[in-house]
Amino acid sequence: MPGEPLVVGAVAYTPNVVPIWEGIRSYFQDSENTDAAMDFVLYSNYGRLVDSLIAGHIDIAWNTNLAYVRTVLQTGGRCTALAQRDTDVDYTTVFVGRAGSALQGLGDLAGKRLALGSADSAHAAILPLYYLKRAGIAESDVQVVRFNTDIGKHGDTGRSELDAVQAVLAGEADVAAIGSSTWAAMGAAELMGESLAEVWRTEGYCHCMFTALDTLPAERYQSWLDRLLAMSWDNPEHRKILELEGLRRWVAPHLDGYQPLFEAVEEQGIDPRW
């Protein structure tokens with residue numbers, strides 16, 4: 001019914017997810033438009049989140065790119081992409097190695113030890129192999145070292161990427177594949193020092209997406225979506241929320257940025273219900 005809060009689902013991959021969503025809910029509660037009201041439910045993993053969206057237990061899911069792809073595949077495309085962060089557009093995977101190594105680019109990776117993050121992380125496991133294959137380097141051409149940390153959270157915790165980086169620093173791997181946001185954060189925190197260097201970077205692709213089933217009428221979500229997109233970096237109260245969620249503004253969906261992951265999921269035989 002009109003005015004009934006939309007229920008948005010997300011994954012609690014870290015304790016600070018709670019204040020993020022409390023802040024987002026407060027932002028919508030402060031709106032004079034009651035059609036924009038929302039509540040949230042947190043899940044332990046993305047498989048459960050996608051299942052709950054499809055079952056109708058929630059109205060909207062805050063999906064990773066893999067969770068979005070799985071939603072599309074499980075529903076036969078009967079879903080609606082609503083919005084994503086500006087930082088979700090043109091996301092990349094960065095291959096990093098020890099500074100001063102002989103690794104100067106993609107052609108030097110054949111035969112090397114490649115450290116990958118969690119198997120369900122698009123940016124730290126699935127897409128690195130996809131882009132290597134596109135460059136003529138098959139998975140069998142490298143020695144893959146996997147760190148399946150926090151399976152179910154699609155690499156959100158970042159722990160598996162740090163494990164991969166640590167393997168490079170310890171001499172147990174030659175290269176680690178990590179998300180561009182992780183690489184940027186390491187630089188901002190001056191964790192790289194002179195120990196690591198970028199070897200190669202993939203083409204851009206898209207990351208997270210707010211997703212609904214196509215059975216959710218536009219009149220139920222449009223006011224909420226308009227209110228979401230109206231968040232402004234120039235408003236100090238809005239900025240607190242945006243900074244916590246890692247963006248400067250919400251943007252309309254860029255669906256072409258998910259094509260590489262759709263192809264990778266098919267090529268690598270990844271279970272759409274995983």
Side chains of Val265 and Leu261: does their closest heavy-atom pair fall under 4.5 Å? yes
Mark yes or no for whether Asp226, through its side chain, and Ser223, through its backbone, hold a donor-acceptor pair below 3.5 Å. no
Ring pair (Phe, Tyr, Trp, His ring centres under 6.0 Å) between Trp250 and Phe210, intermediate numbers included: CA-CA 10 Å; Trp250 299 100; Phe210 277 114; 5.3 Å; yes
Side chain of Thr182, backbone of Ile178: donor and acceptor closer than 3.5 Å? no
Would you sort out whether Tyr68 and Tyr258 count as a ring pair (Phe, Tyr, Trp, His ring centres under 6.0 Å), showing the intermediate values? CA-CA 9 Å; Tyr68 169 69; Tyr258 296 95; 4.8 Å; yes
Applying salt bridge (charged side-chain N to carboxylate O under 4.0 Å, His left out), can you list everything that pairs with Arg98, at least two apart in sequence or on another chain? none
Is the shortest distance from a Lys or Arg side-chain nitrogen in Lys240 or Glu245 to a carboxylate oxygen in the other one below 4.0 Å? no
Report the C-alpha distance between His154 and Asn45 in whole Å, list the side-chain angles of each, state the deciding distance to 0.1 Å, and finish with yes or no for side chain to side chain contact (heavy atoms under 4.5 Å, CB included). CA-CA 8 Å; His154 294 190; Asn45 62 83; over 6 Å; no
Hey, does Ser118 have a side-chain heavy atom less than 4.5 Å from the side chain of Phe147? no
Distance (rounded to the nearest 0.5 Å) between Tyr221 OH and Asp59 CG: 12.0 Å
Other residues, nucleotides and ligands only: do more than 12 of their heavy atoms fall within 6.0 Å of CD on Glu263? yes
When clusters are formed by joining ILVMFWY residues with side-chain heavy atoms under 4.5 Å apart, either directly or through shared neighbours, do Val145 and Val165 land in the same one? no
Run the salt-bridge test on Lys133 and Glu267 with the 4.0 Å N-O cut-off and return the result as yes or no. yes
Can a donor-acceptor pair be found, under 3.5 Å and without considering hydrogens, that links the side chain of Asp174 to the backbone of Lys112? no
Pairwise side-chain contact, Leu49 with Ile58, heavy-atom cut-off 4.5 Å (strictly under): yes
Between Ile241 and Trp233, is there a shared hydrophobic cluster once you connect ILVMFWY residues whose side-chain heavy atoms come closer than 4.5 Å? yes
Taking it one step at a time, do Gln268 and Leu129 satisfy side chain to side chain contact (heavy atoms under 4.5 Å, CB included)? CA-CA 9 Å; Gln268 297 173 27; Leu129 294 178; 3.9 Å; yes
Distance, nearest 0.5 Å, that separates CZ of Arg25 from CZ of Phe40: 4.5 Å
Counting only heavy atoms not in Arg239, do more than 12 fall under 6.0 Å of its CZ? yes
Taking a hydrophobic cluster as the set of Ile, Leu, Val, Met, Phe, Trp and Tyr residues connected by side-chain heavy atoms closer than 4.5 Å, whether directly or through intermediates, do Val89 and Phe262 fall within one such cluster? no
Taking side chain as C-beta onward, heavy atoms only, is Asp256 less than 4.5 Å from Tyr205? no
Between Gln74 and Asp51, is any pair of side-chain heavy atoms under 4.5 Å apart? yes
More than 12 heavy atoms from other groups under 6.0 Å of CZ on Arg134: yes
Compute both the distance and the angle, then confirm whether Arg201 meets the cation-pi test with Phe95: under 6.0 Å from the six-membered ring centre, within 45 degrees of the axis. no
Is atom CD of Glu203 surrounded by more than 12 heavy atoms (other residues, nucleotides or ligands) closer than 6.0 Å? no
Cationic N near anionic O, under 4.0 Å, Glu139 to Arg146: yes
Does some side-chain heavy atom of Val251 sit less than 4.5 Å from a side-chain heavy atom of Gln84? yes
Under the criterion side chain to side chain contact (heavy atoms under 4.5 Å, CB included), I'd like the reasoning laid out for Asp39 against Phe28: C-alpha separation, chi angles, the key distance, then a yes or no. CA-CA 9 Å; Asp39 203 347; Phe28 283 95; over 6 Å; no
Applying ring pair (Phe, Tyr, Trp, His ring centres under 6.0 Å) to His254 and not counting sequence neighbours gives none
With side chain to side chain contact (heavy atoms under 4.5 Å, CB included) as the test, would you mind laying out the steps for Leu116 and Ile126 before giving the verdict? CA-CA 9 Å; Leu116 297 179; Ile126 300 171; over 6 Å; no
Salt bridge flag under 4.0 Å for residues Arg248 and Asp86: no
Can you check whether Thr64 reaches Lys153 side chain to side chain, under 4.5 Å on heavy atoms? no
Side chains of Ile137 and Leu106, heavy atoms from C-beta outward: is any pair under 4.5 Å? yes
Using modelled atom types only, decide if a donor and an acceptor are shared between the side chain of Ser160 and the backbone of Gly117 within a distance under 3.5 Å. no
